[in-house]
Structure formats: C-alpha cells, structure tokens
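A short worksheet on the structure shown next.
Sequence lines set the chain letters: A, B, ... in the order given, protein chains first and strands last, and positions in each chain run from 1.
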Amino acid sequence: MSTTVRLHDSMRRQKVTFEPLVPGKVGMYVCGPTTYTSAHVGHAYSAISFDTIRRCLLFLGFDVRYVRNVTDVDDKIIKRANEIGQDPVALAAHFADEYNRDMARFNVLPPTVEPKVSGHIGEIITVIEKLVANGSAYTVAGDVYFSCETFAPYGKLSGQSLDELRAGERVAVDERKKSPADFALWKAAKPGEPSWDSPWGKGRPGWHIECSAMTVAHLGETFDLHGGGKDLIFPHHENEIAQSQGAHGHDTFARYWLHNGFLNFEGIKMSRSLGNVFDCSQIADAVGPEALRLFCVSHHYRSPVDFELEETRGPDGAVNGVRFRSLETADRRLEYFYTTLLRIDTFVAQGGDGGAGAVVPEAETLVPTCREAVADDFNAPIVMAALGESAKLANKLLDEGKGVAKDVKRRSLARIGKDMRAVGEALGILLDQPERYLAERRARLVKRLGIDTAAVEKLLADRTAARAAKDFTRADAIRGELTAMNIELFDTPKGTDWRVADAGSD
RNA sequence: GGAGCCAUCGCCAAGUGGUAAGGCAAUGGUCUGCAAAACCAUCAUUCCCCGGUUCAAAUCCGGGUGGCUCCUCCA
C-alpha cells in the first residue's frame with residue numbers, strides 16, 4: 001500500500017493527504033436514507049457517489065469498513081405510517097429493503113454494516129446519558145436537548161456562528177429550549193408514535209443522535225471518513241460533531257469529511273414540492289440502470305450536476321412523458337464500451353490470449369493512470385477518459401494491428417479486456433456480460449420506440465435476398481425503409497445484424 | 001441578514017500557479033456494392049467581466065456580473 005491518497009476535506013476546506021487511523025484500513029460512515037417512501041434518483045446519485053469512493057479505496061488496496069445507516073424512526077415515517085395505518089418500523093423496513101434492491105441495480109455494493117435506529121436505542125440512550133451527566137444536555141418534561149453553548153467549536157464545519165443563525169425565521173422556536181439552536185436528543189412519547197423506555201420516560205430518539213451512537217458502535221469514537229450530501233452539513237453533521245465530541249471528550253470525531261454535490265434539474269434542486277422527482281425504476285426502465293451509474297462517474301462527486309430533461313409530446317401535442325437526454329448519451333457510451341469488450345472477448349476466445357510476454361506499451365497504462373486519478377480525490381472523470389483511450393486502442397488493434405506481432409496483439413487485447421474490467425470495478429461499471437447488456441439495450445429500445453421486430457426481420461430477409469440477386473436498388477430501398485423505423489443495419493461476414501439507432505443528443 | 005458553492009469549445013465535463021484531458025455533436029477521410037460500426041484527421045492562442053500579485057494565472061488576491069445551495073424535512 002504505497003499510493004498516497006489526497007482528498008478534499010470539508011472541515012479543512014482543502015485537499016489534504018489521507019492518513020488512515022490504521023494503515024491500509026479505512027473506517028467509513030455515510031448517512032443513509034430515511035426510508036418512508038421509494039428512493040428517487042437523488043438518493044441513487046448520492047449512494048453511487050459514496051459507493052464509488054468506497055470502490056476506489058478498494059481498488060487502491062484498502063480494507064474498507066463501510067457503515068451506512070438507515071433511519072427507521074423519524075417524523076416523516078411516523079406521519080406516513082399513520083396515514084396508511086401501518087406500523088412505522090415495519091413501513092421503514094419495507095422501504096429499506098426496496099432501497100437496497102434499487103441500489104443494487106446501480107451496482108451499489110451492500111454496506112459492511114447497515115445499522116438501524118430501532119436496533120440501537122440502547123446505544124443512543126448511553127450517549128445521551130453521557131451528555132446529560134457532563135452538562136452538555138438538559139431535560140425538559142421528558143425531552144432532552146443538546147445545549148449548543150456548551151460546545152465551543154459549534155459551527156466549525158458549516159462556517160455558521162450561533163449568533164448569525166436566523167432562528168425562528170421559518171419555523172417557530174420551541175420556547176422551552178434554553179437557546180434557539182439547541183436540538184432534541186430525545187423526544188417524549190406522544191400518542192400514535194413508537195416509543196421506548198428511557199431514564200427520561202418513554203420516548204424516541206431525535207434525528208441527529210442516531211449517527212453519533214452508530215459511529216461509536218461500529219467504527220469507534222474517532223474514525224476516518226464521514227460522508228453525506230452537502231445539505232447535511234448543517235445542521236445534521238454539525239450536530240453530530242457536537243454530540244459525539246461532547247459525549248466522548250475527543251477533539252476529533254470524523255477525521256475527514258466528504259460531501260457530495262447535488263443532482264439538479266435545469267439548475268433547480270429536485271424536490272417533491274416542485275414535482276421533479278423521478279424514482280429509480282423510472283430511470284432504470286428508460287435508459288438502463290448502468291447508464292445512470294456511468295453518468296454519475298463521468299462527473300466529479302463534489303460538483304453539482306445538472307440533469308437534462310426533455311418533455312415528450314404525443315400526436316395531440318400534450319406532454320406524455322420525459323426523456324433523459326444526458327442518460328441516453330451515457331447509454332450510448334456504454335454500448336461502445338460493451339461492443340468493444342465483446343469484440344475483445346470473441347477475439348481472445350477464438351485464438352487464445354497469446355500467453356505470457358510483452359504487450360504494446362499503451363496497453364499497460366490504464367491501471368496506473370486509474371490509480372493515480374482515483375488517488376487524487378477520487379477523480380472518476382479522468383478514469384473515464386483513460387477507459388475511452390483503452391477501448392480505442394483495442395478497436396484499433398482489432399481492426400488492423402498493423403506492424404504488431406500476432407502474439408503481442410493477442411496479449412495486448414487480452415490485457416486491455418482484463419484491465420478495462422478491473423478499472424470498471426473501481427467505478428462500478430462494465431461489470432455485466434457484454435452480450436447481455438447489448439441484448440437488454442436492444443430490447444429496451446425496441447419497446448420504447450414501439451418497433452415491430454417481426455417486420456424488421458422480414459425486411460431483413462427481403463434485403464438479404466435482394467443482395468444475393470445483386471439487386472442493390474431494392475436492397476437500398478429496404479435499408480431506407482428500416483432507417484425510417486430507426487433501425488440501422490450492419491453487414492458482417494456472418495450475415496446482417498441490426499441495432500436500434502437511438503437519436504443523438506446535441 | 002449570515003454561511004458557502006459555481007461560471008472552461010455548440011452541448012456535457014476534467015484541470016486550482018507552469019503554458020487548456022475526455023465525451024457528445026459537426027466536418028473531411030479510410031473501410032464498405034451502398035451503409036452502419038470501428039479507426040484517422042480537423043474542431044478553445046483561450047477559460048464570465050475589470051483590475052492586481054508573479055518570470056509565469058483558467059488556477060492566487062480585490063471588485064463586479066450571472067446562477068445555485070444551506071440557515072426548515074430534504075440525498
């Protein structure tokens with residue numbers, strides 16, 4: 001493990017050298033979802049961002065312990081559960097399972113540990129007891145609040161100062177609190193809410209405390225990496241720091257903070273109230289799940305990303321759906337990579353990998369380039385560029401390979417195929433079987449564009465007959481007909497095959 | 001009112017002091033009966049604007065302009 005990793009630490013606001021607590025090992029905590037409804041693209045984007053960071057660390061040889069929580073006790077969950085007359089914890093469990101299934105489609109690896117609030121009530125109470133005992137927290141009629149004034153560094157992560165916070169501007173301040181910024185650690189039980197016994201009577205945890213309890217339980221009082229969306233910096237992460245350091249007395253909670261940029265729609269943040277929320281299956285059905293993954297890793301995780309959206313209209317001019325142009329572009333790029341991989345696989349399967357020995361120099365650069373890029377604040381877009389170079393080299397060798405000895409060519413191609421997959425693993429892409437991906441893509445486009453496959457096959461046969469008879473006028477007329485149907489033909493030594501021509505984006 | 005982020009080719013997007021990656025689109029070419037795919041070539045003397053620091057700035061500093069986020073649940 002000699003690679004030096006540099007990463008952008010939100011606390012220091014700059015790129016710093018990463019020095020794990022234990023050499024070669026990484027303890028990482030990421031704020032996961034509150035599961036009260038189906039996950040949307042934003043959840044996926046965030047999950048993919050941190051999964052990519054985790055995969056990059058694995059690629060670099062680190063042993064990563066990845067903890068991602070599920071908030072299953074929360075106001076929104078209780079509200080939703082009460083609306084449909086279901087048990088809140090059961091409802092949360094249902095959506096947590098769905099969340100994991102959705103994320104798996106985007107090649108998000110399961111966390112090493114996935115703690116839930118409902119399973120950590122004891123740990124949470126322990127942390128709160130420490131805070132009450134040392135004067136960092138106070139009780140008011142069954143509620144327990146954290147006293148921000150007792151924590152001098154409060155606001156360091158977010159750059160906020162207690163004096164400048166506009167308390168009460170948008171939400172009325174609870175008059176029972178000593179100070180407006182104080183937040184609930186424990187909430188006294190109310191009718192219709194799940195509750196647990198505690199030293200302060202029946203109640204349930206506040207929002208922020210869970211992460212303080214879970215990090216201690218699964219990573220320790222001080223650990224390496226803490227991640228989450230930029231929106232969580234304040235107040236959530238700020239409060240986590242205050243609670244954890246207040247309870248345990250260390251001056252460091254998470255040693256490095258990672259925050260990912262947001263997914264925006266035409267510059268506007270996605271939110272349910274704006275109606276621009278798309279759920280995971282909608283995206284996966286439209287362009288395939290891997291297209292979203294590739295789209296994500298084509299951007300740096302810290303940058304805010306604009307998601308192109310285009311309304312589609314039916315014959316009557318009414319809006320009847322949306323298209324995700326940028327994801328369609330990503331899907332087309334995926335087609336290129338998988339087609340290249342398929343060509344490589346076929347070539348190697350037919351004539352072998354050339355055995356041991358030298359390869360063309362350019363075939364050896366992908367992995368080192370990837371290591372370097374990934375070690376520099378997980379720069380996935382650089383890796384994507386390198387992947388493109390490798391695919392191009394492979395196609396070039398496959399097309400002609402002029403001046404390259406036969407064995408060297410075989411070895412080079414086998415090497416490129418292997419390395420492209422190894423590097424793809426670091427980004428969570430190119431893990432599918434090429435044939436399967438290509439078949440799925442075609443089926444998806446056939447369905448989306450309403451193409452009559454039988455008619456295509458019929459025209460194909462007609463054209464083949466015309467070509468055999470050297471009736472090229474007829475053959476070209478048929479090609480024209482198919483082109484009008486968005487079908488592109490390609491003649492190969494083994495016959496004619498076809499693909500759906502997805503409209504280009506501009 | 002406070003805190004912070006962003007502005008790079010028609011579009012997407014890396015690059016945070018050493019002289020502008022990559023993708024899409026476009027144009028020309030090789031290949032092809034014609035095509036498609038693939039490959040080759042061309043495609044930002046310049047990084048929102050104005051000053052400043054420096055031998056050197058897209059990158060640092062100051063001032064504008066425009067967009068976004070957080071201070072409320074939010075990925």
Side-chain angles (χ1 to χ4, degrees), chain A residues 10 13-15 30-34 36 39-50 74-76 79 155 158-161 163-172 181 207 227-236 238 259-264 267-273 277 294-295 298-300 302-306 308 325-326 328-330 332-333 335-336 339-340 343 369 373 376 379-389 391-400 467 470-473 475-476 479-480 482-483 487-492 496-499 501 504-506:
Chain A
S10 305
R13 290 155 215 265
Q14 59 180 319
K15 235 187 247 184
V30 176
C31 290
T34 298
Y36 65 104
H40 60 242
V41 235
H43 291 107
Y45 184 74
S46 197
I48 290 170
S49 293
F50 287 105
D74 165 271
D75 292 347
K76 294 187 293 293
K79 182 167 178 279
S158 60
Q160 303 286 342
S161 76
D163 299 337
E164 298 295 346
L165 293 173
R166 305 184 92 181
E169 168 107 348
R170 297 164 87 167
V171 168
W207 173 36
K230 273 196 163 75
D231 61 316
L232 293 176
I233 293 175
F234 188 91
H236 188 241
E238 202 68 76
H259 293 282
N260 77 299
F262 258 43
L263 195 57
N264 294 312
I268 307 299
K269 179 179 165 176
M270 179 173 64
S271 76
R272 298 203 183 277
S273 58
V277 174
L294 184 132
F295 173 81
S298 297
H299 299 75
H300 188 85
R302 281 194 291 118
S303 308
V305 174
D306 256 348
E308 285 179 83
R325 301 309 289 235
S326 43
E328 288 175 17
T329 301
R332 243 171 280 127
R333 189 67 178 154
E335 183 193 31
Y336 169 73
T339 303
T340 303
R343 291 186 73 193
T369 300
D376 183 14
N379 198 326
I382 298 285
V383 179
M384 287 309 300
L387 231 23
E389 293 298 325
K392 188 185 287 186
L393 172 62
N395 281 125
K396 216 182 299 185
L397 286 169
L398 252 2
D399 282 348
E400 35 190 344
R467 289 181 75 216
K470 296 269 188 276
D471 182 357
F472 293 121
T473 308
D476 288 350
R479 177 189 287 286
L482 286 163
T483 301
I487 301 299
E488 267 175 6
L489 302 180
F490 46 104
D491 298 321
T492 73
T496 302
D497 203 352
W498 59 278
R499 64 186 282 274
S505 80
D506 51 17

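- For the pair Pro304(A) and Asn264(A), the tightest heavy-atom approach, listed with the atom from each and the gap, is CB-ND2, 3.9 Å.
- Remark: rU16(B) base-pairs with no nucleotide; criterion is Watson-Crick or G-U wobble with both hydrogen-bond distances under 3.5 Å.
- In terms of position on RNA chain B, the residue among Lys392(A) and Gly261(A) whose nearest nucleotide sits closer to the 5' end is Lys392(A).
- Electrostatic pairing of Arg343(A) and Asp399(A) counts as a salt bridge here, judged by a charged N lying under 4.0 Å from a carboxylate O.
- Listed for the Glu238(A) side chain is a donor-acceptor partner under 3.5 Å among the backbone atoms of Ser158(A).
- The shortest distance between the side-chain N/O atoms of Lys79(A) and the OP1/OP2 oxygens of rC73(B) is not below 4.0 Å.
- For Asp491(A) and rC34(B), a side-chain-to-base donor-acceptor distance below 3.5 Å is present, hydrogens and geometry of angles not being considered.
- A donor-acceptor pair is defined here as one N or O able to donate and one able to accept, closer than 3.5 Å; no such pair exists between the side chain of Ser46(A) and the backbone of Gly42(A).
- In this structure, His299(A) atom NE2 and rA13(B) atom P are separated by 4 Å, rounded to whole Å.
- Between His300(A) and rA14(B), a side-chain N or O to OP1/OP2 separation shorter than 4.0 Å is absent.
- Within the 3.5 Å criterion, the main-chain N or O of His40(A) finds a donor-acceptor partner in the side chain of His43(A).
- The phosphate of rA36(B) has neither OP1 nor OP2 within less than 4.0 Å of any side-chain N or O from Thr483(A).
- Looking at heavy-atom distances under 4.0 Å, Lys76(A) makes contact with sugar-phosphate atoms alone, never a base.
- For Gln160(A) and rG4(B), the CD to P distance is 8 Å, given to the nearest whole Å.
- Distance, Phe262(A) CZ to rG4(B) P: 19 Å, rounded to whole Å.
- Using a 4.0 Å heavy-atom distance criterion, Phe472(A) is classed as a base contact.
- In this structure, Pro381(A) reaches the bases: a heavy-atom distance under 4.0 Å links it to at least one base atom across the strands shown.
- Listed for the Ser303(A) side chain is no donor-acceptor partner under 3.5 Å among the backbone atoms of His299(A).
- Comparing rG17(B) with rA58(B), their P atoms sit 13 Å apart, to the nearest whole Å.
- Using a 4.0 Å cut-off, no side-chain N or O of Lys396(A) falls inside it from OP1 or OP2 of rA38(B).
- Note: Asn395(A) CG to Tyr336(A) OH = 4.5 Å, rounded to the nearest 0.5 Å.
- Using Watson-Crick or G-U wobble geometry with both donor-acceptor distances under 3.5 Å, rG10(B) finds its partner in rC24(B).
- Straight-line distance between the C1' atoms of rU54(B) and rG28(B): roughly 43 Å, to the nearest whole Å.
- With the nearest nucleotide of RNA chain B identified for both Ser303(A) and Leu393(A), Ser303(A) has the one nearer the 5' end.
- Not a single donor-acceptor pair, N or O on each side, falls under 3.5 Å between the base of rG15(B) and the side chain of Asn379(A).
- Close to rU69(B), at under 4.0 Å from its OP1 or OP2, lies no side-chain N or O of Asn264(A).
- The C1' atoms of rG23(B) and rU8(B) are separated by 15 Å, rounded to the nearest whole Å.
- At rU16(B), one or more side-chain N or O atoms of Lys15(A) fall inside 4.0 Å of OP1 or OP2 (strictly under the cut-off).
- Here the P atom of nucleotide rA36(B) and the CG atom of Asp476(A) are 12 Å apart, to the nearest Å.
- Asp74(A) has its CG atom 10 Å from the P atom of rA75(B), to the nearest Å.
- Remark: the separation of the C1' atoms in rG52(B) and rG1(B) is 31 Å, to the nearest Å.
- With 3.5 Å as the limit, one finds no donor-acceptor pair spanning the side chains of Asp74(A) and Thr34(A).
- When heavy atoms are screened at a 4.0 angstrom cut-off, Ser49(A) is found touching no nucleic acid atom at all.
- The phosphate of rC39(B) has OP1 or OP2 within less than 4.0 Å of a side-chain N or O from Asn395(A).
- One interatomic measurement links the two molecules: CH2 of Trp207(A) to C1' of rA75(B), which rounds to 11 Å at whole-angstrom precision.
- Taking atom P on both nucleotides, rC49(B) is separated from rU59(B) by 10 Å, rounded to a whole Å.
- Taking 3.5 Å as the limit, the base of rC34(B) and the side chain of Arg479(A) contain a donor-acceptor pair of atoms between them.
- Ile233(A) comes within contact range of no nucleotide atom at all, as no heavy-atom separation falls under 4.0 Å.
- Between the P atom of rU32(B) and the CZ atom of Phe490(A) lies a distance of 18 Å, rounded to the nearest Å.
- Taking atom P on both nucleotides, rC61(B) is separated from rU16(B) by 14 Å, rounded to a whole Å.
- A distance of about 13 Å separates the P atoms of rG10(B) and rC48(B), rounded to the whole Å.
- Nearest to the side-chain atoms of Ala385(A) among the listed nucleotides rA21(B), rA37(B), rA75(B) stands rA21(B).
- A pairwise comparison of heavy atoms in His259(A) and Arg302(A) identifies O-CG, 3.5 Å as the closest pair.
- rG63(B) and rC70(B) have their P atoms separated by 25 Å, with the value rounded to a whole Å.
- rC34(B) is unpaired under the Watson-Crick or G-U wobble criterion, no partner having all donor-acceptor distances under 3.5 Å.
- Look at rU54(B): it lacks any Watson-Crick or wobble partner with both distances under 3.5 angstrom.
- Across every strand in view, rU46(B) sits unpaired, with no contact that passes the Watson-Crick or G-U test at under 3.5 angstrom.
- Pair check for rG1(B) finds rC71(B); Watson-Crick or G-U wobble, both atom distances under 3.5 Å.
- In the interface, the side chain of Arg13(A) is not paired with the base of rG4(B) through any donor and acceptor atom under 3.5 Å apart.
- For the pair Met384(A) CE and rG23(B) P, the computed distance is 11 Å after rounding to whole Å.
- Phosphate contact (OP1/OP2 of rC39(B), side-chain N/O of Tyr336(A), threshold under 4.0 Å): present.
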